[in-house]
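A short write-up of the structure that comes next.
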Protein chains: 2
Amino acid sequence: MYTETAMLGLDVPLRASERAYRQLRGEILNGLLAPGAALLEVEQAERIGVSRTPLREAVARLIADGLVVGRRGRGFEVTDISVDSISELYELRQALEVQAIRLAATRREPAPFLKLRDAFVTAPELLDQGDIGVHRYYVLIDELEDAVDAAVENPFLVGALRAVRTHLARIRRLARRNPMRLRAAASEHLLIIDAIIAGDPSLAAHATHIHLHQSLLSVLATIDEDSATGVNPALVD
Amino acid sequence: MYTETAMLGLDVPLRASERAYRQLRGEILNGLLAPGAALLEVEQAERIGVSRTPLREAVARLIADGLVVGRRGRGFEVTDISVDSISELYELRQALEVQAIRLAATRREPAPFLKLRDAFVTAPELLDQGDIGVHRYYVLIDELEDAVDAAVENPFLVGALRAVRTHLARIRRLARRNPMRLRAAASEHLLIIDAIIAGDPSLAAHATHIHLHQSLLSVLATIDEDSATGVNPALVD
DNA sequence: GATCGCTATTGTGTATACAGAAACCGCAAT
DNA sequence: ATTGCGGTTTCTGTATACACAATAGCGATC
């Protein structure tokens, strides 16, 4: 077992380009670098503590991720998020997740989903426990996504899903948390899990379709409210 | 109209990194750089005539495209294509194209598809005209894809589709051309176009599903034959 | 007072130099 | 003969220096 270092987080000193990439990516996802923010090479390189060469590599990866766009001539800037782009992202998300869930239900390996089922059954109780409970609920969702990814066994599809989730993370920051919605979402997830366990691809697909439909409605609704009350100046469009 | 230079191909001298990217990408797609081929920085930089810095940027983009993978320590190599990966790619392709076609049919702007319809009606005649006709048929397919992309109006979805098409281009090189299949494919395309024109998303989606199903069967069949007769040593797995 | 042009500054694009790490080869020892 | 060890070499990762392009600011002219 000589891969033990890979199991742990990060014993190995990361390459400078990797550090720069993770830091910038993290700062964009959590909103520290707001949409539209300008990225100057020298400035960012100094701030992060790497030279321009690895920083450029990091920015190139961010551009490939769609988190950053190059401005003609004058540096780069963080991609901004419009309401339109949220609906567009969900059009892609729906295609990918429906396919992924359908395949997961087809594979007929219910073991990991049986454990998740137990967890999601008790999710409503979790959501009564305040912020810490909500956080543990999100961890549960991550585990569900991981289980689906593992069941799908398709690097192309999983890769595309990961890209979508990256953008979703930014959107979730804009949409206020709605406890009612989370409770409803939990039961929608439970239905999806049950369909996977039952090996019913069609049911799983339709349940996913509905779940994402409700999710988008909820996101758009909270954003509409907030933009009406001026809470989210980030969303002009 | 000061964007006229953008309309033409390439008046502006391209950046070295862009040149390197396009050249390497092209060579990978047309098989000149075979799957598994090693890419050494210095060697490739000299060959293309750029220095290592822009070449590294180009390779980084190729890695993001999934055309190249980094080998631990010793350079990079061109991603290889397995039969499994073809089926996996089609699982993703199906999700994306079905969604794209469905959306295109929903948008209800039949104008560009009416022109394409005429072209596809005469496609069988085209396919009787040998290699030049086959080439023009492929151009037609490109135009159909472009029309769908334009109708969909969704950068996320179109971006994911482009990534898939990149990998498809490599696979097409492996699958021998089958005139019978092309003729069948043309009529499948016609059905899809008609469904879009009719504004029938469900019909369009199902027609696409079937088209891709047949396409995958055809690809896998020709590859099986070839690997049995040893024509395609690239496909070991 | 406004507009045009020049210049200075700033920032990117590229090349190259240097350091560190990993693989290869040869040698020796078991 | 095989395996382990060390030197050597080659390649990557990073920093830095230089050249070119673009922009902004300022001044001059109309």
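- Protein atom CD of A:Glu43 is 14 Å distant from nucleotide atom C1' of C:dT12, rounded to whole Å.
- The nearest whole Å value for the distance from the CD1 atom in B:Ile48 to the P atom in C:dT14 is 13 Å.
- Defined by atom type and a distance below 3.5 Å, a donor-acceptor pair is missing between the side-chain atoms of A:Arg102 and A:Thr208.
- Between D:dT14, C:dG11, C:dG13, one nucleotide has an atom nearer to the side chain of A:Leu40 than all others, and that is C:dG11.
- Relative orientation of the B:His189 and B:Tyr137 rings is tilted, given thresholds of 30° and 60° on the angle between their planes.
- Between B:Glu46 atom CD and C:dA15 atom C1' there is a gap of 13 Å when expressed in whole angstrom units.
- Following rounding to the nearest Å, B:Leu55 (CG) and D:dC11 (P) show an atom-to-atom distance of 14 Å.
- A salt bridge links A:Glu18 with A:Arg22: at least one charged nitrogen is closer than 4.0 Å to a carboxylate oxygen.
- Look at CG on B:Leu39: it is 20 Å from P on D:dT10, rounded to the nearest Å.
- For B:Glu41 and D:dG13, the CD to C1' distance is 8 Å, given to the nearest whole Å.
- Counted by atom type alone, B:Arg61 and B:Ser17 present zero donor-acceptor pairs between their side chains at under 3.5 Å.
- Closest-nucleotide positions on DNA chain D for B:Val42 and A:Pro54 were compared, and the one nearer the 5' end corresponds to B:Val42.
- Once rounded to the nearest 0.5 Å, the distance linking CZ of B:Arg107 with CD1 of B:Ile196 reads 11.5 Å.
- The nearest whole Å value for the distance from the CD atom in B:Glu57 to the P atom in D:dT12 is 17 Å.
- In this model, the phosphate group of C:dT12 is not approached by any side-chain N or O of A:Arg56 to a distance below 4.0 Å at OP1 or OP2.
- Whole-Å rounding puts the A:Phe76 CZ to C:dT12 P distance at 7 Å.
- For the OP1/OP2 pair of C:dT14 and a distance below 4.0 Å, the side-chain nitrogens and oxygens of B:Thr53 include no atom meeting the criterion.
- Contact annotation: B:Arg52 does not reach the phosphate of D:dT12 (side-chain N/O to OP1 or OP2, under 4.0 Å).
- Within the 4.0 Å cut-off from OP1 or OP2 of C:dT14, at least one side-chain nitrogen or oxygen of B:Ser17 is found.
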